[in-house]
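Only a predicted model underlies this, so the values are computations on that prediction, with no experimental measurement involved.
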Amino acid sequence: MQTTEFAKIWSRMAKDYKVHMEQQLAPSLTEAQLTVLEVLNEYGRMKPSQLIPYLATTPAAVTMLLDRMERNRLVTRFRDVKDRRIVWIVISDQGREEVERGLRIRDDFLGSALNRISQHNQNLLVYLLGKITTKAKTSVSASEIEGVKEQIERAE
């Protein structure tokens with residue numbers, strides 16, 4: 001079993017990613033804010049409670065995060081017309097600009113790491129990481145996954 005080596009590599013990779021993202025997103029954005037903006041950009045309006053699974057944090061922390069984001073004009077909050085108890089969050093124009101910038105930063109960093117290996121190995125890596133995660137959501141096509149599965153089966 002490769003748990004020790006995997007833990008070392010994973011830890012080093014996560015640290016490098018975190019440091020890079022913190023440096024490149026600062027001072028106008030944090031990694032958590034990028035996550036919120038990315039989700040809002042994908043789904044449109046959301047309730048604060050719907051963000052909790054994406055951030056793995058408490059409702060109070062989400063509220064504080066949204067307060068900062070609203071102050072920085074990244075999001076707007078408004079009450080539902082039919083039920084005033086419901087608060088909706090939407091991404092602002094400035095938030096859209098920041099999410100595009102943040103995604104470019106992330107994609108450039110991960111792209112430079114992935115470009116060190118072949119396209120085949122990139123597909124294999126995504127497939128294998130998907131196998132060990134509980135909620136794998138990847139953009140690898142079904143045919144690519146089937147091709148990788150066949151190659152793994154032949155190798156075994």
Same cluster or not: are Leu55 and Met69 linked, directly or through other Ile, Leu, Val, Met, Phe, Trp or Tyr residues, by side-chain heavy atoms under 4.5 angstrom apart?
-> yes

How many angstroms lie between [atom1] in [X] and [atom2] in [Y], if you round to the nearest 0.5 Å?
X: Met46; Y: Ile91; atom1: CE; atom2: CD1; answer: 12.0 Å
X: Asn121; Y: Leu125; atom1: CG; atom2: CG; answer: 8.5 Å
X: Leu65; Y: Leu51; atom1: CG; atom2: CG; answer: 8.5 Å

Please check if the side chain of Ser92 supplies one atom and the backbone of Thr76 the other of a donor-acceptor pair under 3.5 Å.
-> no

Check whether any side-chain N or O of Arg79 sits under 3.5 Å from a backbone N or O of Val87 as a donor-acceptor pair, and report yes or no.
-> no

Residues two or more places apart in sequence or in another chain: which of them pass salt bridge (charged side-chain N to carboxylate O under 4.0 Å, His left out) with [X]?
X: Arg71; answer: none
X: Asp83; answer: Arg85
X: Glu22; answer: Lys18

Co-members of Met64 in a cluster of I, L, V, M, F, W and Y side chains, linked at under 4.5 Å | none

Shortest non-hydrogen pair, Pro59 vs Ile52, comes out as CG-CD1, 3.7 Å

Tell me, do [X] and [Y] make a side-chain contact under 4.5 Å, heavy atoms counted?
X: Leu74; Y: Val99; answer: no
X: Leu29; Y: Leu37; answer: yes
X: Leu40; Y: Val75; answer: yes

When you look at Leu34 and Met21, which way does the side chain to side chain contact (heavy atoms under 4.5 Å, CB included) test go after all the steps?
-> CA-CA 10 Å; Leu34 176 60; Met21 293 301 285; 3.7 Å; yes

Under the side chain to side chain donor-acceptor pair (under 3.5 Å) rule, what pairs show up with a residue in [range], not counting sequence neighbours?
range: residues 107-116; result: none
range: residues 27-38; result: Ser28-Glu98, Ser28-Arg101, Glu38-Arg106
range: residues 47-68; result: Asp67-Arg77

Would you please name every residue forming a side-chain contact (heavy atoms from CB on, under 4.5 Å) with Val19, sequence neighbours left out?
-> Lys15, Gln23

Partners of Pro48 by side-chain contact (heavy atoms from CB on, under 4.5 Å), sequence neighbours excluded?
-> Val62, Leu66, Ile89

So ring pair (Phe, Tyr, Trp, His ring centres under 6.0 Å) across residues 12-37, not counting sequence neighbours, yields Tyr17-Phe109, His20-Phe109

In residues 5-13, what donor-acceptor pairs under 3.5 Å come from side-chain atoms, sequence neighbours left out?
none

Which residues pass the side chain to side chain donor-acceptor pair (under 3.5 Å) test with Asp80, sequence neighbours left out?
-> Trp88

Atom CZ of Arg73: over 12 foreign heavy atoms under 6.0 Å = no

